[in-house]
Amino acid sequence: KAGVTQTPRYLIKTRGQQVTLSCSPISGHRSVSWYQQTPGQGLQFLFEYFSETQRNKGNFPGRFSGRQFSNSRSEMNVSTLELGDSALYLCASSLMSSGRASTDTQYFGPGTRLTVL
Amino acid sequence: AQRVTQPEKLLSVFKGAPVELKCNYSYSGSPELFWYVQYSRQRLQLLLRHISRESIKGFTADLNKGETSFHLKKPFAQEEDSAMYYCALSGQGAAGNKLTFGGGTRVLVKP
C-alpha cells in the first residue's frame with residue numbers, strides 16, 4: 001500500500017496570509033491526525049478527524065482548522081499566518097477498526113515544511 | 001494533563017555498547033506508551049508499543065507504572081540505530097488518537 005502523502009512538501013508564505021495543507025491517508029485508514037513540529041516546542045498534537053468529524057483537538061488557536069472529506073483525505077488550514085507558525089506539519093493516519101481496545105498505530109507522512117516570512 | 005519527558009537530548013555511544021533512552025510520563029489514567037523513531041531522511045515510524053511487549057530491532061521497553069517510566073533499551077548498539085527517538089503517550093482505550101510526544105533523544109552510535 002502507498003504510504004501517507006502530504007502536499008505540498010514545502011511552502012513559503014508571508015505574515016497575514018493563509019495556507020491550506022493536504023493529507024491523503026493510507027487506503028482504508030479512516031482517522032487522520034495532524035501534528036506541528038518545531039525545534040522549540042517539539043511535536044504537538046493539533047487535531048484528529050474521523051468520519052469527517054473532528055474528534056480530538058489540541059491547544060492551538062482557532063486560526064488552525066481542518067476538515068476531512070468522505071474519502072478520508074484531510075486538509076488543514078492556517079489563517080492570518082504568524083512567524084511562529086513556521087514549522088513542519090505532519091499528518092498521520094490510522095485504521096480505526098471497530099471494537100478496538102487500544103490506540104491504533106499511527107502512520108506518518110513526510111510532512112509539509114511551512115516557512116512564514 | 002498528560003506529559004512526556006525525555007531528559008537526554010543527545011546520547012552518544014560506541015558500537016556494541018548498551019544504550020538506554022529514558023522516558024518519564026505523567027498521566028492520571030491508564031496510559032499507552034510508544035516509542036517512535038525517525039532515521040535520517042525518513043518519516044517518523046513506530047518502533048514499539050508497551051502493549052505488544054515485543055522486541056523490535058533488539059530494542060525493548062518496559063512500562064513501570066510505579067516509577068511512571070518507559071525506558072528504551074538495547075544491549076548492543078549498532079551504527080544503524082543512529083536516529084531520533086521519541087517517546088509518546090496516549091490514553092488507553094481513549095476515543096480517538098491523540099499522541100503526546102516527549103522532546104526526543106538523538107542517538108549517535110560511533111564506530
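Every chain is numbered from 1 and lettered A, B, ... according to where its sequence line falls, protein lines coming before strand lines. Predicted, not measured: the structure shown is a model, and the values here were computed from it.
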| query | When the ring centroid of A/Phe45 is compared with that of B/Phe101, is the distance short of 6.0 Å? | reply | no

| field | Check against side-chain contact (heavy atoms from CB on, under 4.5 Å), A/Thr105 and B/Arg49 | value | CA-CA 9 Å; A/Thr105 297; B/Arg49 54 196 300 169; 3.0 Å; yes

| request: Measure A/Phe47 against the heavy atoms of chain B and call it side chain, backbone, both or neither at under 4.5 Å. | output: neither

| field | Option that, when pairs with chain B are counted at under 4.5 Å, heavy atom only, ranks first among A/Gly42, A/Gly111, A/Pro110, A/Ser33 | value | A/Pro110

| said: Can you confirm whether more than 12 heavy atoms, excluding those of A/Arg113, are under 6.0 Å from its CZ atom? | reply: no

| field | side-chain contact (heavy atoms from CB on, under 4.5 Å) assessment of A/Leu43 paired with B/Leu99 | value | CA-CA 9 Å; A/Leu43 277 156; B/Leu99 289 174; over 6 Å; no

| field | ILVMFWY network linking B/Val37 to B/Leu63, side-chain heavy atoms under 4.5 angstrom | value | yes

| said: More than 12 heavy atoms of other residues, nucleotides or ligands under 6.0 Å from NZ of A/Lys13: yes or no? | reply: yes

| note | Applying a strict 4.5 Å limit to non-hydrogen atoms, the region of A/Gln37 in contact with chain B is side chain

| remark: Scored by heavy-atom pairs under 4.5 Å with chain A, the best of B/Arg43, B/Gln45, B/Gln38 is B/Arg43

| Taking a hydrophobic cluster as the set of Ile, Leu, Val, Met, Phe, Trp and Tyr residues connected by side-chain heavy atoms closer than 4.5 Å, whether directly or through intermediates, do B/Tyr85 and B/Val109 fall within one such cluster? | yes

| message | Rounded at 0.5 Å granularity, tell me how far CZ in A/Arg55 sits from NZ in B/Lys98. | response | 13.0 Å

| Is atom CZ of B/Arg3 surrounded by more than 12 heavy atoms (other residues, nucleotides or ligands) closer than 6.0 Å? | no

| message | Using the rule that Ile, Leu, Val, Met, Phe, Trp and Tyr join whenever any side-chain heavy atoms are under 4.5 Å apart, tell me whether A/Phe60 and A/Leu21 fall into a single cluster. | response | yes

| said: For A/Ser31, which atoms come within 4.5 Å of any heavy atom of chain B: side chain, backbone, both, or neither? | reply: side chain

| Is there a chain of hydrophobic side chains (I, L, V, M, F, W, Y, each step under 4.5 Å between heavy atoms) that links A/Leu46 to B/Leu89? | no

| task | Please test A/Gln106 against B/Tyr36 for side-chain contact (heavy atoms from CB on, under 4.5 Å), starting from the C-alpha separation and ending with a verdict. | result | CA-CA 10 Å; A/Gln106 294 193 41; B/Tyr36 278 81; 3.8 Å; yes

